[in-house]
Each structure stands twice: as structure tokens, then as C-alpha cells.
Undergrad: 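Structure in C-alpha cells, see below.
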Protein chains: 2
Amino acid sequence: MTTNSQIRQNFIQGMSGISQFWGFPKAMGAIFGALYLSATPLSLDELVENTGLTKGAISTNVRTLTRMGLIHPVTRMADRKDYYEAETDFYKSVQTILKGRQNNEFDRAINSVKETLASLEAGEGSFDKKERAFLIERLKALQDFFDAIDNVTRAISKLNSLGINTVQSVIKILK
Amino acid sequence: MTTNSQIRQNFIQGMSGISQFWGFPKAMGAIFGALYLSATPLSLDELVENTGLTKGAISTNVRTLTRMGLIHPVTRMADRKDYYEAETDFYKSVQTILKGRQNNEFDRAINSVKETLASLEAGEGSFDKKERAFLIERLKALQDFFDAIDNVTRAISKLNSLGINTVQSVIKILK
DNA sequence: TAGAATGTTTAGTATTTACTAAACGAATTA
DNA sequence: TAATTCGTTTAGTAAATACTAAACATTCTA
């Protein structure tokens with residue numbers, strides 16, 4: 001016989017795995033899983049109970065989940081506890097995540113390519129004509145690729161504001 | 001004054017960072033960077049020289065880079081050495097990477113959701129009618145989201161076979 | 001103001017990861 | 001077969017990561 005708690009635990013464990021697969025802490029997945037299966041917002045202590053993690057772990061992971069827009073804090077008047085609920089519009093979350101990633105590290109990374117390219121175009125180094133041309137060509141191609149990724153992420157960010165029908169039609173074009 | 005080797009090193013370091021940002025070993029980025037700046041395929045020993053890594057590290061990372069389709073082995077007749085060159089069609093690489101990811105872990109992850117959903121729909125557990133309906137609804141939404149991701153990755157995989165014009169036009173729709 | 005309830009931060013730890021160094025194996029040549 | 005040349009695998013290590021346990025800070029309540 002399968003108990004309610006077993007079903008919940010199984011799901012929570014599954015979400016841990018998914019979280020890990022995408023390079024996030026397992027705890028993040030577990031917390032999200034617990035919240036996602038709850039019809040009402042859960043407090044930090046309830047999350048401790050549901051996931052088996054400690055307060056500290058919950059506290060830090062809840063923060064990053066909130067930053068990612070995957071969960072939302074819910075404050076109740078005359079109740080000092082913080083409650084959290086899962087975002088159910090995943091596209092909205094994806095948008096938030098991409099936006100965050102973009103501004104932080106990604107630009108920095110792209111920049112290093114840009115710098116190298118600039119060095120070369122400024123005539124730095126002692127490459128002969130042919131080699132310099134080759135390197136510039138390659139770096140330009142790489143930068144184009146990064147720009148394309150940039151466009152795609154921007155596009156995905158837009159998906160949320162468009163109707164789901166637009167999304168479907170785009171997908172159809174690509175199929 | 002900026003030497004040739006400094007420019008190369010700067011770029012290789014930049015690629016290390018990008019690699020790390022995307023959750024891959026720094027060495028992978030460095031190796032790819034070295035190959036990408038070379039007009040001719042490089043041997044394992046030449047990679048050791050260019051990146052400062054050891055043979056072992058090169059050996060293992062070259063293998064995964066090859067699996068990802070980011071570089072290609074080049075064998076020369078009457079030469080026992082393995083050479084490698086960078087793939088310059090990044091869309092092709094993306095396609096390979098997505099294909100690989102999909103079949104391995106991602107499906108497994110999605111499956112855990114499917115299982116939980118099946119349990120619930122089979123009437124397992126002792127949830128009251130309302131709660132069961134709620135849980136089923138949420139899990140279905142999650143599965144829809146995963147399916148959508150699946151479609152997107154399939155679509156991106158297709159990008160390579162489509163002309164770049166199609167890609168541009170799709171992006172324009174979304175802008 | 002003392003005490004309780006709640007969330008955060010910190011210090012320490014266990015695990016994972018990515019690398020190095022070196023042994024190993026396989027294939028080629030002498 | 002011995003010696004050489006490659007690439008792979010393995011054992012060990014250093015560093016990063018994610019967690020626990022517990023101290024701490026803050027806010028509310030008695």
C-alpha cells in the first residue's frame with residue numbers, strides 16, 4: 001500500500017534529482033517540490049518537517065529560489081512567520097532566471113572574447129597578415145554565436161508576455 | 001606590448017571562464033579555446049603545451065568534448081598521434097549536446113513526475129477527493145512544462161537543418 | 001525589560017569534483 | 001623481443017560545494 005507521505009516523498013526526491021541535473025543544489029528541488037504539492041503556503045518550519053533539511057539549509061535555498069522567481073514569500077498580517085508558495089507559471093520563472101544570469105556572468109564571459117578580438121583588430125601582437133585574418137575571422141564567428149544565444153534568451157524572456165498560442169506557433173515553425 | 005602568446009592565453013582563459021559558467025570543467029574551455037585558435041589540428045602533446053594541463057586531463061576532457069561534438073578527432077595516416085580540431089558550426093554542436101542530454105538524465109527526471117502522477121490517478125494514497133484533484137492538476141501542469149521544454153530542445157536541434165534565415169525570422173517574431 | 005519565537009549567519013564537515021603524477025597498456029619499430 | 005611512443009586509467013589531492021549544528025540577531029509578547 002502506498003501512503004500519502006510516500007507519494008509526496010517520492011515526488012520530492014524526484015525534484016531533488018531534477019534540480020541536481022540542472023546544476024542546482026538538491027535541497028532546492030526538494031523545497032520547491034514540497035511547496036509545489038501544497039495547496040497552501042508553507043512556513044520555514046513546515047518545510048523543515050516536509051524535507052528533512054535543517055532551518056539553515058531551508059533559509060538559504062529559499063532565498064535563491066525566491067530570487068529565481070520559482071517561489072514567492074507570503075506574509076500574513078499579525079504573523080511573524082514567513083510563508084512560501086510555489087510559482088505555477090513556469091515561463092515567468094524562466095524569464096526571471098534568464099534575466100538574472102544574463103546580467104551577471106554571461107556578459108563578463110562574452111566580454112573576454114570581445115577584448116581578444118579588439119586586441120587583434122588594434123594590431124597588437126606580431127601575427128603575420130594571414131594568421132591575424134584567420135584569428136579575427138574565428139573570433140567574429142564566436143561572437144556572432146554568443147550574440148545569437150543572447151537573442152534567444154531575450155526571445156524566451158519575451159515568451160511570457162506573448163500568448164501561449166504564439167509560442168505554439170513558433171514551435172510549429174521549427175518542427 | 002602584447003605578445004601573440006599573451007593574446008592566446010587571454011582568450012584561452014576567457015573560454016575557461018565561460019566553460020565554468022556553464023557548469024563544465026575549466027579545462028574543457030581551455031582545450032576548446034586552444035583548438036579554436038589553431039588553423040591546424042593539434043595533437044595531445046601540443047594541447048599540453050598550449051594549455052598547461054597534463055596529458056591525463058587533456059585525455060579525459062577531449063573525450064567529452066568529442067562526445068559533445070565541439071571538437072573532432074583527426075587521424076592522419078601513418079601517424080599514430082591523435083589530432084583534434086574545433087567544430088566551427090556551433091549550432092551543430094548545440095544539436096549534439098541537446099540530443100545527448102535528452103536521452104540520458106532528462107527523461108529519467110521527467111519520469112519521476114510521470115510516476116507520481118500515475119500513482120495518484122490510480123487512486124493510491126488516501127487523499128480526499130479535493131486534495132487528489134489538486135495534486136493531479138499540479139502534476140499535470142508540471143508535466144506540460146517539461147513537455148514544452150522537450151519541444152523547445154527538439155526545435156533547437158532542428159535549427160541546424162534550417163537555413164539561418166528561418167532562424168532569424170523566428171527570432172524576429174519573438175523580438 | 002525578560003523571555004520566546006523566528007530567521008540568518010557562521011563554523012565545521014562530508015561529499016563531490018577536477019585536476020596532477022605516475023603506472024599501465026597497446027601498438028610500432030628496431 | 002626489447003625499446004619507444006602514444007593514449008588511458010588509476011590513485012591521490014586540493015578545492016569547491018552543500019549541508020548540519022549551533023550561535024546569533026531581531027522582533028514580538030508577557
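Computed from a predicted model, the values in this text were never measured in an experiment. Order of the sequence lines fixes the chain letters, A, B, ..., with proteins taken first and strands second; residue numbering starts at 1 for each chain.
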Undergrad: For atom CD of E137(B), is the number of surrounding heavy atoms from other residues, nucleotides or ligands below 6.0 Å larger than 12?
TA: no
Undergrad: Please determine whether residues Y83(B) and F32(B) belong to a single hydrophobic cluster, defined as Ile, Leu, Val, Met, Phe, Trp and Tyr linked transitively by side-chain heavy-atom distances below 4.5 Å.
TA: no
Undergrad: Send over the distance from I58(B) CD1 to dA21(C) C1', rounded to a whole Å.
TA: 15 Å
Undergrad: If you take all heavy atoms of F134(B) and A39(A), which pair is closest and at what distance?
TA: CZ-CA, 3.3 Å
Undergrad: What is the distance, to the nearest angstrom, from the NZ atom on K81(B) to the P atom on dT29(C)?
TA: 13 Å
Undergrad: Quick one: which of dC6(D), dT8(D), dT8(C) gets closest to the side chain of R63(A)?
TA: dT8(C)
Undergrad: Just how far, in rounded Å, is P of dA27(C) from CG of D79(B)?
TA: 16 Å
Undergrad: Between the protein and nucleotides 28-30 of chain D, which nitrogen or oxygen pairs are less than 3.5 angstrom apart?
TA:
none

Undergrad: Would you say that more than 12 heavy atoms from the other residues, nucleotides or ligands in this model lie under 6.0 Å from the CD of Q13(A), or not?
TA: no
Undergrad: Rounding to a whole Å, what distance do you find between N61(B):CG and dA18(C):P?
TA: 8 Å
Undergrad: Using a strict heavy-atom distance below 4.0 Å, which residues from residues 41-55 of chain A are in contact with DNA chain D?
TA: G52(A), L53(A), T54(A)
Undergrad: Where the side chain of T60(B) is defined as all heavy atoms beyond and including C-beta, which of dG7(D), dT20(D), dT9(D) is the nearest nucleotide?
TA: dT9(D)
Undergrad: Kindly work out whether a path of hydrophobic side-chain contacts (I/L/V/M/F/W/Y, heavy atoms less than 4.5 Å apart) joins V48(A) to M15(A).
TA: yes
Undergrad: Please check if the side chain of S59(B) supplies one atom and the backbone of K55(B) the other of a donor-acceptor pair under 3.5 Å.
TA: no
Undergrad: Side-chain N or O of R76(B) versus OP1/OP2 of dC6(D): is the shortest distance under 4.0 Å?
TA: no
Undergrad: Tell me: OH of Y84(A) to P of dT6(C), nearest whole Å?
TA: 14 Å
Undergrad: Q20(B) CD to dA16(D) P: how many Å, rounded?
TA: 9 Å
Undergrad: Ignoring the backbone of A27(A), work out which of dA18(C), dC19(D), dT8(C) is nearest its side chain.
TA: dC19(D)
Undergrad: Is the backbone of E121(B) close enough, under 3.5 Å, to the side chain of R132(B) for a donor and an acceptor to pair up by distance?
TA: no
Undergrad: Should I12(A) and I71(A) be regarded as members of a common hydrophobic cluster, given that ILVMFWY residues are connected when their side-chain heavy atoms come within less than 4.5 Å of each other, either directly or indirectly?
TA: no
Undergrad: Using heavy-atom distances to pick each residue's nearest nucleotide on DNA chain D, tell me which of G56(A) and G23(A) is more 5'.
TA: G23(A)
Undergrad: According to the interplanar angle, ranging from 0 to 90°, do the rings of F90(B) and Y36(B) count as parallel (below 30°), tilted (30 to 60°) or perpendicular (above 60°)?
TA: tilted
